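Structure first, then comments.
Note that the structure is a prediction, hence the values are computed from the model and not measured.
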Amino acid sequence: MSDGSVQQRRSQPAVPLLEEQRVGEILAAVPGRRHWRYRPRRVGMVWRSRTFRVSAVFTVLALCGLAILALVRDQTGTHGFLVGLGLAVLPVPLLMTAFRWLDRVDPGPWRNVLFAFAWGAFAAALVAILANSFATRWIATATADPSNADTLGATVIAPVVEESAKAAAVLLIFLFRRREFTGIVDGVVIAGITASGFAFTENILYLGNAFGEDQQIGTSGVVSVTAATFFVRAVMSPFAHPLFTVLTGIGFGLAAAAPRRRRIRRIVLPLLGLVLAMGMHALWNGSAVFSPYGFYAVYGVFMVPVFGLVTWLAIWSRVRELRTLSAELPAYAAAGWLTPAEPLALSSMRARGLARDAARRRYAVEARETWQSPYGPAPVPSARARAAAKANGKAAARAVAEYESFATSLASLRLQARRGTAGPDFGDRELELLHHLWQRRQVAAPALAYAAQATGRLRPAYPPPPWPAPGPHPQYGGYGPGPGYNPYLLPRQQPPQ
């Protein structure tokens, strides 16, 4: 060993040895908090606060909303803004209902829906209107050709800017709400709702400007520019913007379903979807620029078939989610967590609704019959008894709906585990979902069994399963079905224990 290294070792201070008998002496020598010479750095502590994050997102979206509405009002005028706002609202409920219906199997939380719509209507619209205006003016100044600048802005700049701004909402939910973004349906729903919000704000601008033109030239009624604009944007093509952005959502949905080790696929698929969305948007905008009949040709030959194809893909993905329930949940029925009838009922939307209605009626009747007034049983149900029965029925239906939601999440989690996308906390999440199911099992299991029989998915005389009756679960607090438990009978028909 060289002399330099020896000298370096000798210059290093010795580390004090930890001895159990000296622990109290060492801790007693530490000064009080106000005399600390070193204090822990709170790096990122503010961002860890959920309240701060929610407040920051709400503030940013509110400021963007005020800014974009002020810009639109400045361009359309007060009367044009109010007319455009009233007409632009009309297609929104239809679009929102369609996307929420598509997401009925495993509905995402409303906070994601509201964030996506607000992002599209405020943040994405603000970015688009500022970037498009700046790019068009720059091209007009550089080329000294305003008409060419408008054409390039509509066919090149606008598709890139607008689709990128809308895709940002899908990316944020994909990154920060990853557990709620599991497949194609989630991507289609989030992208479609974001684009619906963007189209809402854009329709206010176009319809408000059209109303201003009608005021100047003195036209009204069916032959007005406002009526023609409303027919094209809200009747013929309300799905235009959602259709473009849905391609991006499909890319993110495929990336969400890809295994974690497929990193290239998880990056390439969203980018490919975004490029396709930009190309389709550019084709749609350019259809009315390059030919007087180009709009109708692109609409009939390209847009309608693509819309039908995307709709088929979304519905097929929804049906696939139902099949996932019937394929993944029988494993939990074999382990005793579910009854054999529940996977059959949970994989049918009709049986789900029937189970909620059956639980609501059953528990409402029981509550009305067992309610007693201060003077004994009431011969005729009073208003108070009816209100109590209605509340009890609603609570039972809500418990069945929550049971269906947790069971759907459990099947999706198990599918992710088989694909390698569940994450290291799969066991903890699985036990948490099983806990939620067990808390609601007494109400939900009989209702689902009844629904399975009523819809013909389960024969009335269901043969006994080939496995023995399960006992208490060894890894979950000893829970297990009690003796004499018959899941195919309603609560009142349960045999005595």
Do [X] and [Y] touch side chain to side chain, with heavy atoms closer than 4.5 Å?
X: Thr229; Y: Asn203; result: no
X: Leu126; Y: Leu71; result: yes
X: Leu243; Y: Trp284; result: no
X: Val298; Y: Leu283; result: yes
X: Leu313; Y: Trp316; result: yes
X: Leu338; Y: Leu448; result: no
X: Ser287; Y: Phe302; result: no
X: Arg440; Y: Phe406; result: yes

How many angstroms lie between atom [atom1] of [X] and atom [atom2] of [Y], to the nearest 0.5 angstrom?
X: Glu402; Y: Arg398; atom1: CD; atom2: CZ; result: 6.5 Å
X: Phe81; Y: Asp74; atom1: CZ; atom2: CG; result: 11.5 Å
X: Trp438; Y: Leu433; atom1: CH2; atom2: CG; result: 15.5 Å
X: Arg73; Y: Leu82; atom1: CZ; atom2: CG; result: 8.5 Å
X: Thr248; Y: Ile190; atom1: OG1; atom2: CD1; result: 13.5 Å
X: Leu434; Y: Arg429; atom1: CG; atom2: CZ; result: 13.0 Å

[X] side chain vs [Y] backbone, donor-acceptor pair below 3.5 Å:
X: Asn285; Y: Ala154; answer: yes
X: Thr311; Y: Phe307; answer: yes
X: Arg178; Y: Ala256; answer: yes
X: Ser348; Y: Ala351; answer: yes
X: Arg352; Y: Leu346; answer: yes
X: Thr245; Y: Ala191; answer: no
X: Ser326; Y: Pro343; answer: no

Output a table of donor-acceptor pairs, distance under 3.5 Å, between side-chain atoms of residues 263-273 and any protein atom two or more places apart or on a different chain; print 'none' if there are none.
| from | atom 1 | to | atom 2 | distance (Å) |
| --- | --- | --- | --- | --- |
| Arg266 | NH1 | Ala255 | O | 3.3 |
| Arg266 | NH1 | Ala258 | O | 3.3 |

Look at atom [atom1] of [X] and say whether more than 12 heavy atoms of other residues, nucleotides or ligands are closer to it than 6.0 Å.
X: Arg100; atom1: CZ; answer: yes
X: Phe134; atom1: CZ; answer: no
X: Phe239; atom1: CZ; answer: yes

Provide the closest heavy-atom pair for [X] versus [Y] in the form atom of the first, atom of the second, distance.
X: Leu95; Y: Pro238; answer: CD1-O, 3.8 Å
X: Ala445; Y: Glu342; answer: CB-OE2, 3.6 Å
X: Leu207; Y: Ala88; answer: CD1-N, 3.9 Å
X: Leu329; Y: Ala407; answer: CD2-O, 3.8 Å
X: Ala452; Y: Ala341; answer: CB-O, 3.9 Å
X: Phe200; Y: Ala121; answer: CD2-CB, 4.4 Å

Ionic contact status for Lys166 with Glu163, cut-off 4.0 Å: yes
Basic-acidic side-chain contact under 4.0 Å: Asp186, Arg177: no
Leu85 vs Leu69, side chain to side chain contact (heavy atoms under 4.5 Å, CB included): CA-CA, chis, key distance, verdict: CA-CA 10 Å; Leu85 178 62; Leu69 293 179; over 6 Å; no
Under the salt bridge (Lys or Arg N to Asp or Glu O under 4.0 Å) test, which residues partner [X], sequence neighbours left out?
X: Arg320; result: none
X: Arg111; result: Glu180
X: Asp428; result: none
X: Arg233; result: Glu202

CA sep, side-chain torsions, deciding dist, call: Val105, Val185, side chain to side chain contact (heavy atoms under 4.5 Å, CB included): CA-CA 10 Å; Val105 177; Val185 173; over 6 Å; no
Pi-cation contact, Trp337 with Arg441 (under 6.0 Å, within 45°): no
Worked verdict on Ile250 versus Leu276 for side chain to side chain contact (heavy atoms under 4.5 Å, CB included): CA-CA 11 Å; Ile250 292 175; Leu276 292 176; over 6 Å; no
Exercise: do Ser347 and Arg323 side chains pair donor with acceptor under 3.5 Å: no
Residues that [X] engages under side chain to side chain donor-acceptor pair (under 3.5 Å), provided they are two or more places apart:
X: Ser196; value: none
X: Glu404; value: Arg356
X: Tyr332; value: Glu430
X: Thr76; value: none

Candidate pair Glu321 and Ser317, rule side chain to side chain donor-acceptor pair (under 3.5 Å), full reasoning: CA-CA 6 Å; Glu321 286 186 343; Ser317 300; over 6 Å; no
Stepwise side chain to side chain contact (heavy atoms under 4.5 Å, CB included) check, Thr324 with Ser412: CA-CA 7 Å; Thr324 300; Ser412 176; 5.8 Å; no
Set of residues satisfying side chain to side chain contact (heavy atoms under 4.5 Å, CB included) with respect to Arg360, sequence neighbours excluded: Asp357, Ala397
Within residues 118-134 or reaching into it, pairs that qualify as side-chain hydrogen bond (donor to acceptor under 3.5 Å, both in side chains) - sequence neighbours excluded: Asn132-Glu162
For Phe174, all residues meeting ring pair (Phe, Tyr, Trp, His ring centres under 6.0 Å), sequence neighbours excluded: Phe181, Phe252
Aromatic ring pairing His281/His241, orientation class (parallel under 30°, perpendicular over 60°, tilted between): perpendicular
